[in-house]
Every structure is written in structure tokens, then in C-alpha cells.
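Quick notes on the structure that follows.
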Amino acid sequence: MREAAMALASNRLEDAEPRLRAILRARPTEVAAIRMLAELAIRIERLADAEALLDRALELAPGFAAARFNRAVARHRRGRAAPALEDIDLLLAATPDDLGYRVTRAAILSRAGDYEAAIADYDAVLAHDGPNRDARLWMSRGHALKTVGRRDDCVGAYRQAVALAPSLGEAWWSLANLKTFRFAAEDLSRMEAALAQDGLSADDRMHLHFALGRGREIEGRAQDAFAHYARANEMRRESLPYDADATTMHVDALRRHVDRSVLADRQGGGDPSPDPIFIVGLPRSGSTLLEQILASHPDVEGTMELADITTMAAEIEARTDGSGEAYVRALLALDADALAELGRRYLDGTRIHRRRGAARFIDKMPNNWMHVLLIHLILPNARIVDARRHPLDCGVSCFVQHFARGQPFAYGLTDIGRYYADYVRLMAHVDEVLPGRVWRVFHERLVADPEREIRALLEACGLPFDPACLDFHRNPRPVRTASADQVRRPISSDGIGRWRMFEPWLEPLRESLGEALTDYPA
């Protein structure tokens with residue numbers, strides 16, 4: 001047990017795992033070993049396995065606080081905010097002064113969309129002298145403040161973070177990621193000085209490159225800006241590999257096996273609820289703007305980028321060999337009862353995010369474009385909106401953005417172009433086999449004539465026109481994405497044609513886009 005614990009503490013997972021499994025073969029109810037194996041599973045992102053192990057540990061020892069805390073973390077990372085909150089509240093009831101539990105609770109509350117309560121927890125923790133000197137806590141507080149629109153307080157929190165830790169790249173990037181923020185010359189000098197330090201972590205270095213890219217872009221220094229962005233993307237790509245061929249094969253399999261007759265045979269399946277409105281597309285395509293417009297309607301509630309559909313798709317894929325062909329076969333093998341159950345599960349799992357009790361709600365997970373056919377099968381009356389933006393503007397906006405999680409395609413111009421092209425191919429197929437099922441909004445048309453496009457969008461979603469949707473920027477709702485500050489301002493054409501600044505370096509993007517670029521209609 002000691003040797004396993006020491007291996008885990010030093011992150012030698014390849015040594016820890018066999019020792020823990022050997023212990024559990026000899027003593028299957030050794031709860032400390034079960035908890036350590038679960039912690040190992042959390043570190044390698046096998047979160048469902050971790051939660052199952054911790055369920056067993058707590059069944060054997062309900063008072064095992066470390067196991068309960070690990071389960072709260074696993075549940076939180078799986079997007080299961082409600083049960084995660086139950087665990088952390090039980091721990092706080094027994095140990096109300098534990099600051100670690102309080103910080104975790106704030107993170108869970110943020111994930112659940114209760115940002116004001118999260119900010120209160122951060123404030124309570126930061127009132128203590130030790131945590132008050134923790135730059136990362138100030139940064140987390142800044143994230144929550146940004147989401148609820150308290151921009152000045154948010155900037156102050158990020159400023160406090162970089163004052164405490166001048167080389168904390170993520171805090172500098174958080175300032176840049178406000179989109180409407182401009183660095184002072186002194187800020188840029190401090191970031192350059194931090195980059196020159198020996199011993200700077202790869203993560204800090206990457207974030208600093210992203211932040212400096214934004215700073216130099218605003219100054220109009222295109223070559224310097226692109227050099228910083230390119231280096232940041234290169235570093236991120238090293239830690240987040242992406243297989244573009246796998247995406248293409250997934251799309252090919254769906255196009256090959258899902259036709260009108262296949263869908264007609266499954267008509268009438270799924271859950272009949274009309275509540276969800278899905279917004280799909282690429283990141284940085286204007287999807288947050290559409291969400292803000294729709295969420296300004298009194299009958300619609302905005303939530304966040306919900307992982308429920310992608311989790312279901314991953315579970316279906318996990319029962320196969322992982323190929324696109326096998327996934328499609330497994331999807332089409334689901335009978336009417338299974339499809340209805342998945343639809344009900346989706347509605348039950350997303351209920352925690354529906355706080356206003358509005359009749360309809362939005363799920364704005366851009367990557368769900370890959371799962372539009374799954375959505376159609378399990379929720380045939382849900383509305384689906386495709387947010388589309390010019391491929392060069394969208395591609396550049398992805399390339400210069402560091403995403404908090406996921407989006408592994410976004411760190412190389414060729415991969416971005418291929419991903420966009422695959423997205424266009426699949427959505428064209430959906431238009432063919434399910435005519436009229438998806439409503440498409442071109443960002444440039446929305447900017448050119450907001451009222452016409454908004455009226456058409458509302459009609460497509462089965463909603464009466466409401467003038468509040470034209471004044472979406474006045475909506476005080478929390479917005480969690482990188483566009484949070486932008487959608488609190490009137491529609492602007494500022495981002496249209498952004499790609500032209502970087503045109504000399506965009507040939508890999510152009511080439512990989514192919515017809516998706518030449519055929520773009522707006």
C-alpha cells in the first residue's frame with residue numbers, strides 16, 4: 001500500500017496501477033486501495049470507471065471522506081453537477097471550515113450555472129489570508145465574474161492574479177480572452193519578460209504566446225501576432241493530438257449508411273418533447289450570439305454548452321471497435337424503446353440547468369453537428385439551428401483561440417480546414433435526407449439585417465416574435481463562452497474579414513477547405 005501510494009504521489013501511474021490491482025485481488029474490500037485506483041482513473045480521464053470504483057468504496061465505508069471528495073471531483077468532471085454538489089455539501093456539513101471543499105463547491109456551482117453562489121464561495125475562501133495570495137483562485141473568481149457580466153470586477157480579479165504571479169500565462173490569456181480588452185504597453189512588456197524566463201512551464205509559455213498574439217494583433221503587427229499564435233498552437237497540439245482522418249471516416253460512414261429510407265423506418269421513435277433547441281456548428285461561428293438572441297425570448301432559457309449528447313455518442317461508440325462504421329451500425333441498431341429512453345435521459349440530465357422554468361431551452365454545444373442524426377432519432381421534435389460563418393473568418397478565429405477544453409482540431413490550419421469541410425459535408429447530407437430539419441443562419445447575413453434574420457430564426461424555432469430578441473445585448477443572463485463580453489454589445493461587423501490580416505499565412509487553411517470555401521454562399 002505504501003509503495004502504491006508513493007507511486008501515485010509521484011505520478012508514476014504505470015507503477016501504481018499493477019500494485020493496486022494486486023492488492024485488490026488479494027483484498028477486494030480494501031477501500032483505501034479502491035480509492036487510490038479511482039484517483040488514478042480520474043488522472044487518466046476514465047471518469048466513469050472512477051465513479052463506479054468510488055461508489056463501491058462508499059458502499060463499504062460511507063464515512064470515507066477522501067473517497068467522497070474524489071467522487072465529487074469525478075462527478076463534476078463528468079458534468080454531473082447535481083450529484084457532485086450532494087457529495088461536497090455532505091463533506092462541508094461535517095467540516096464547514098475546509099477551504100478545499102469550499103473551492104471545489106465553487107467550481108461545481110459554476111458548472112451547474114449558479115454563478116452568484118460560486119462567487120460567494122470564492123469570496124469566502126479569499127477572505128482568508130493564505131488563499132488571498134493564491135493567484136489561481138483570483139483567476140477562477142474572475143472567470144465567474146466574467147460569466148455574469150461584471151466586467152470591471154472580472155478585470156480586477158485577473159489583474160490581481162497577474163500581480164501575484166506575473167508569469168501565470170492563463171491569467172494573461174484570460175484578460176486577452178475578454179475580446180474587448182486592450183493591453184497597455186507595460187502589460188506586453190511584462191508578458192515578454194515572463195516568456196524570457198528560464199524554467200517557465202510549458203502551459204504558462206503557451207498561454208503567454210496566445211495572449212501576446214492577441215496583443216500584437218490589436219496593435220496591427222500581423223507578422224508578430226501570427227508568429228505568437230503559431231507557436232502557441234504548436235505547443236497545444238503537442239499535448240492534444242487530433243486524428244483528422246477519424247473525423248472524415250465518421251462523416252463518411254454517416255453519409256453512406258443513413259438515408260431517407262433508414263430514417264423513415266425509425267419515424268415515431270424517441271421522446272416527443274419539443275423543449276430543446278440545439279445550436280450546432282463550429283466554435284467561433286456566432287453560435288453564442290444566436291444563443292443570446294433566443295435566450296432573450298421569454299419562452300426560452302439559455303443554459304450552456306451541455307455535454308449530454310456527446311457523452312451519449314461516446315457511450316454508443318464505446319460498445320464498438322471505435323470505427324465510424326461500427327458507430328453508425330450501433331446507432332442504427334437502437335430500437336424505439338432505446339431511442340425513447342435516451343431522449344428521456346437527455347431531458348432528465350439537463351433539467352438542473354433549467355432554472356427559469358421556461359417552456360424551451362437551448363443546448364449550445366457546437367460539436368453536436370456530428371451528432372445531429374442522433375439528436376433527430378432521440379428527440380424528433382427538438383429544433384436544430386446551424387450557426388455558420390465564413391470559413392476563413394471562422395478558421396482564423398479558431399486558430400487564435402485557446403479553448404479551455406476539447407476542440408483538438410483547432411490547433412492547426414490544415415486540421416481546421418478539414419474539420420470545417422467535414423462539417424459542411426455532413427450538414428449537406430442532413431439537408432438531403434431530412435429536408436428542412438435544420439435551420440441555418442449565416443453570420444454575415446445576421447450582421448447585415450438583424451431583424452429579418454431574427455424574425456426568421458424565431459419562426460423556425462416555433463416561437464412568436466418578441467422585441468426583446470432584438471435587444472439581446474441587454475439580457476443579463478450568464479454567458480460562459482469566449483464571446484461573453486461581445487454578446488453584451490449590439491451586433492457589430494468588427495469580426496467580418498478578420499482573416500485578411502493574416503492572409504499571407506493562410507494557404508494551408510484555404511487548401512484544406514476546398515469546396516467549403518469556394519461554395520460559401522454569404
Check: Under 6.0 Å from the six-membered ring centre of Tyr411 and within 45° of its axis: does the NZ or CZ of Arg236 meet both?
Finding: yes
Notebook entry, point to check: Is the NZ or CZ atom of Arg455 both under 6.0 Å from the centre of the six-membered ring of Phe465 and within 45° of that ring's axis?
Noted result: yes
Check ion pair [X]-[Y] (N to O, under 4.0 angstrom):
X      : Y      : answer
Asp129 : Arg133 : yes
Arg389 : Glu444 : no
Glu51  : Arg78  : yes

Which atom pair, heavy atoms only, marks the closest approach of [X] to [Y]?
X      : Y      : value
Leu470 : Ile454 : CD2-CD1, 3.7 Å
Asp393 : Gly497 : OD2-N, 2.7 Å
Asp275 : Arg354 : OD2-NH1, 3.1 Å

Does a donor on one side chain and an acceptor on the other come within less than 3.5 Å for [X] and [Y]?
X      : Y      : value
Gln407 : Asn367 : yes
His76  : Arg111 : no
Ser201 : Asp203 : no
Ser174 : Asn177 : no
Arg344 : Ser273 : no
Tyr423 : Asp386 : yes

Check each of [options] against [X] using the side chain to side chain contact (heavy atoms under 4.5 Å, CB included) test, and report the only one that passes.
X      : options                        : value
Tyr229 : Arg216, His402, Gln401, Glu217 : Glu217
Val441 : Leu289, Leu457, Ile293, Ile279 : Leu457
Ile108 : Asp121, Asp87, Ile88           : Ile88

Check: So does Arg355 have more than 12 non-hydrogen atoms from other groups sitting under 6.0 Å from CZ?
Finding: yes
Note to self: Check this for me: Glu459, atom CD, are more than 12 non-hydrogen atoms of other residues, nucleotides or ligands nearer than 6.0 Å?
What the structure shows: no
Item checked: Centroid-centroid distance, Phe278 to Tyr346, less than 6.0 Å -> yes
Margin query: I want to know whether His143 and Tyr158 have ring centres closer than 6.0 Å.
Written below: yes
